A.B. asks: 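Below you will find the structure I want to go over with you.
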There are 2 protein chains.
Amino acid sequence: MPDLAAARRVTAVDIAKEVGVSRATVGFVLNNTPGKKISDATRARVLDAAARLGYQPNRAAADLARGRSKIILLVLPGRLLGSSLQASLDESARVLAEAGYALVTQTGGPGGAPPLWETLNPDVVIGWTTFTDDEVASMRLAGVRRIVPRPGESARYDQAPGVSEGARMQVDHLHELGHRRIALASLADSQMLELQRTRAEAAVRRAEDLGMEVVGVRAVAHADGSSADAVRAWAADGVTAIVAYNDDVAATVAGAAIAAGLRIPADLAVIGHDDSPMAELFYPPLSSVRMDTVEAARYLAEVALHEADGRPLTSTWTELDTYVVARKSTTG
Amino acid sequence: MPDLAAARRVTAVDIAKEVGVSRATVGFVLNNTPGKKISDATRARVLDAAARLGYQPNRAAADLARGRSKIILLVLPGRLLGSSLQASLDESARVLAEAGYALVTQTGGPGGAPPLWETLNPDVVIGWTTFTDDEVASMRLAGVRRIVPRPGESARYDQAPGVSEGARMQVDHLHELGHRRIALASLADSQMLELQRTRAEAAVRRAEDLGMEVVGVRAVAHADGSSADAVRAWAADGVTAIVAYNDDVAATVAGAAIAAGLRIPADLAVIGHDDSPMAELFYPPLSSVRMDTVEAARYLAEVALHEADGRPLTSTWTELDTYVVARKSTTG
DNA sequence: TTGAAAGCGATACCAC
DNA sequence: GTGGTATCGCTTTCAA
């Protein structure tokens, strides 16, 4: 079982030999080292030789010499991916790659695999929400130099982007449409319990502020008929609209309502969250809440480069732009 | 803006000094170097000192010295994540971490961010399907030593796990239930066109082998009413069952059918694919096709360690275990 | 404008 | 059993 690359990789020394200059000179032109004046002639010859020999710098050696890894680790809660965020992160990765950084994404939290910051030596770790003290300690031990959000800064979970704001907007939307008696539909056995709870609390608080009645939170379980039961109960209770935890729940509620003979949204309005592809696809199309992931990704790249390279931050962190996408499941 | 870790990191030399042995000895006990007999006493003292000082080996130095990165890169097509695969990969990562390897996952294909193998120097790159020649060339240039599936081995796209087999099982399931006239529902504007096409072809071929009539493939677009139109057309056409590209499409079809007054599955049966959480949640619960991701993840870890460390392969690659989960959308 | 050389920190080979 | 030490490939300071 021979190695694919049995031949020794080409190093900077090879280029130096080929061109007939010192290895240092090679390094200077390859890194565009500022303050070094290299004649255009030699620069060109070096670049040419590098391309011809297929030179690829050795990451380990460079990391060791410069004392940093040029890796940026993004830690996301399990489910946050999947939607449009995925595509947007690709854009962040592209921007970071141009600056020489690799963006590595890790999903899944405690109990899972050991965090990658322990082994990857990332220069920067960026999280969606604040890290626990244990996590921060572990990062420091691993030599992580920059952590975002900054540990110790009072970043509260419910203030993280996409956690509470969307829930409030769901309620506002229903309120504007005249609904005064609503219920929440959540998901049983989810891995995102804290997120669900926080969103639900935010929704209830907003509803009460607006003088709406909230009949309660009902979990739509992964059990046959549970959504049908829920719909019956709501109907009996005079509920006119449902705030769903996400689009899957919204679709389930909508499906069960239609099966029960209710009209959507006339008899029961439903709004989801996340604006997954599903939301637009479903019949009737589901109103949902969307976050501006493009903007988020742009900001992510900016923050990463700020922390890693000291580049200036041109914008400040604001609540992630969040808005309601109104479709037929609420507006008929 | 001071670094979080202004203090120099503790190295093996520090431990050696602390304990009063040579740095080499420290290395031996830290790596459990076989063939070296270290007295239990010094071994204990070294380990203790390492723990006390919070020693973390420097990845870059180790990588450079040993000539490999201990990184395994898994390349997945965009959408394959999200479902249960995510959790299973966590398990692979844990197994690999025990062996000292970091599992990094990259999703998203061409046109996106530059592939991580260019910058991460992974020891092994594992893909779901075969890589293109360009990709393989780029990996070789980057010094990747092992690629799975092996380039050149005639692994055909439609034979990759989860590509065709599931589609055939959807058809078989409907056939067993007595359906003889079916249609396929796919997704317009999807990023997974090749996957959709391949699955559709497999389904059609199987249906024809079984003597079933396939009315055609109809794309359910992200446009209002498109699914309602589709349902009407199918009903007019005498179609009794739908093979949906995935569970989102299945839910959409089911929702539209119910809204059109059809009974599921009596008037129209629907089967999805992937067995997403949605499938079980929906009302009626959706029959779907599930792949054994746990087994896949276990095998992934095994292959990775085989390629990276030369560990023996205890099982052979077989078509990923795939089966139908029958629920009410087909069985009433 | 270019070259020499000192690290970076761990691995592993060879002596003792 | 334990200790030197050359080595990996690149970065970077200091001379020339």
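All values below were derived from every heavy atom in this structure, side-chain atoms included, with hydrogens, water molecules and symmetry-related copies excluded. This structure is a prediction, so every number in the text was calculated from the model and none was measured. Within every chain, numbering begins at 1; the chains are lettered A, B, ... in the order of the sequence lines, protein sequences first and strands thereafter.
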A.B. asks: I'd like to check the side-chain contact (heavy atoms from CB on, under 4.5 Å) partners of Ala16(B); sequence neighbours left out, ordered by chain and number.
C.D. replies: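 Listed in chain order: Arg23(B), Val26(B).
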A.B. asks: Please list, in numerical order, the residues of residues 49-60 of chain A that have a heavy atom closer than 4.0 Å to any atom of DNA chain D.
C.D. replies: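 The answer is Tyr55(A), Pro57(A), Asn58(A).
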A.B. asks: List, with names and distances, any nitrogen or oxygen atoms from the protein found under 3.5 Å away from nitrogen or oxygen atoms belonging to nucleotides 3-7 of chain D.
C.D. replies:
{"from": "dG3(D)", "atom 1": "OP2", "to": "Ser22(B)", "atom 2": "N", "distance (Å)": "3.1"}
{"from": "dG3(D)", "atom 1": "OP2", "to": "Thr25(B)", "atom 2": "OG1", "distance (Å)": "2.6"}

A.B. asks: Output the rounded distance in Å from NZ (Lys70(B)) to P (dA10(C)).
C.D. replies: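 Checked: the NZ to P distance equals 15 Å.
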A.B. asks: Could you work out, with side-chain hydrogen bond (donor to acceptor under 3.5 Å, both in side chains) as the rule, every residue matching Asn31(B), not counting sequence neighbours?
C.D. replies: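 Per chain and number, Asn31(B) pairs via side-chain hydrogen bond (donor to acceptor under 3.5 Å, both in side chains) with no residue.
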A.B. asks: Remember a base hit wins even if backbone is also touched, and classify Thr42(A) as base, sugar-phosphate or nothing at under 4.0 Å, heavy atoms.
C.D. replies: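 Sugar-phosphate contact only - Thr42(A) comes under 4.0 Å of backbone atoms but never of a base.
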A.B. asks: State which residues pass side-chain contact (heavy atoms from CB on, under 4.5 Å) with Glu302(B); sequence neighbours excluded, sorted by chain then number.
C.D. replies: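 Arg298(B), Leu313(B), Thr314(B), Ser315(B).
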A.B. asks: Below 4.0 angstrom from OP1 or OP2 of dT11(C), is there any side-chain N or O of Asn31(B)?
C.D. replies: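 It does, given that an N or O in the side chain of Asn31(B) lies less than 4.0 Å from OP1 or OP2 of dT11(C).
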A.B. asks: Round to the nearest Å and state the distance from Leu30(B) atom CG to dA10(C) atom P.
C.D. replies: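 Rounded to whole Å, this separation is 9 Å.
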A.B. asks: Could you list the residues that satisfy side-chain hydrogen bond (donor to acceptor under 3.5 Å, both in side chains) with Thr25(A), not counting sequence neighbours?
C.D. replies: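 Counting only residues at least two positions away or on another chain, Thr25(A) forms a side-chain hydrogen bond (donor to acceptor under 3.5 Å, both in side chains) with Ser22(A).
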A.B. asks: Check every strand shown and say whether Asp63(B) touches a base, only sugar-phosphate, or nothing at a heavy-atom separation below 4.0 Å.
C.D. replies: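 Nothing, no nucleic acid heavy atom in range.
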A.B. asks: Is it true that Asp309(B) and Tyr101(B) share a donor-acceptor pair across their side chains at a distance under 3.5 Å?
C.D. replies: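 Side chains of Tyr101(B) and Asp309(B): pair found under 3.5 Å.
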A.B. asks: Show me, pair by pair, the donor-acceptor contacts under 3.5 angstrom made by side chains of residues 113-121 of chain A, not counting sequence neighbours?
C.D. replies:
{"from": "Trp117(A)", "atom 1": "NE1", "to": "Ser138(A)", "atom 2": "OG", "distance (Å)": "2.6"}
{"from": "Thr119(A)", "atom 1": "OG1", "to": "Leu116(A)", "atom 2": "O", "distance (Å)": "3.3"}

A.B. asks: Measure CZ/Arg45(A) against P/dT2(C) and give the value in whole Å, please.
C.D. replies: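 Answer to the nearest Å: 9 Å.
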A.B. asks: Tell me every residue that passes side-chain contact (heavy atoms from CB on, under 4.5 Å) with Leu47(A), counting only those two or more places apart in sequence or in another chain.
C.D. replies: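 Result, side-chain contact (heavy atoms from CB on, under 4.5 Å) vs Leu47(A): Val29(A), Leu30(A), Arg43(A).
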A.B. asks: Between dG3(C) atom C1' and Lys17(A) atom NZ, what is the distance in whole Å?
C.D. replies: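 Distance check: Lys17(A) NZ to dG3(C) C1' gives 16 Å.
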A.B. asks: What residues form a side-chain contact (heavy atoms from CB on, under 4.5 Å) with Ala62(A), not counting sequence neighbours?
C.D. replies: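 Once residues adjacent in sequence are excluded, the partners of Ala62(A) under the side-chain contact (heavy atoms from CB on, under 4.5 Å) criterion are Arg66(A).
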A.B. asks: Between the axis at one end of the helix from dT1(C)-dA16(D) to dC16(C)-dG1(D) and the axis at the other (five pairs apiece), what's the angle to 10 degrees?
C.D. replies: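 Comparing the axis at each end, I get an angle of 40°.
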A.B. asks: Kindly write out the residues that satisfy side-chain hydrogen bond (donor to acceptor under 3.5 Å, both in side chains) with Glu18(B), not counting sequence neighbours, or none if the list is empty.
C.D. replies: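 Testing Glu18(B) for side-chain hydrogen bond (donor to acceptor under 3.5 Å, both in side chains), a comparison that skips the adjacent residues, returns Arg52(B).
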A.B. asks: So, the side chain of Glu135(B) versus the backbone of Thr132(B): is there a donor-acceptor pair under 3.5 Å, distance only?
C.D. replies: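 Side chain of Glu135(B) to backbone of Thr132(B), a donor-acceptor pair under 3.5 Å: yes, one is there.
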A.B. asks: For Glu98(A), enumerate each residue passing the side-chain hydrogen bond (donor to acceptor under 3.5 Å, both in side chains) test, keeping only those at least two apart in sequence or located in another chain.
C.D. replies: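 Not a single residue meets the side-chain hydrogen bond (donor to acceptor under 3.5 Å, both in side chains) criterion with Glu98(A).
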A.B. asks: Please state how far atom CG in Leu64(A) lies from atom C1' in dA10(C), giving the value in whole angstrom units.
C.D. replies: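 Spelled out: CG on Leu64(A) to C1' on dA10(C) is 8 Å.
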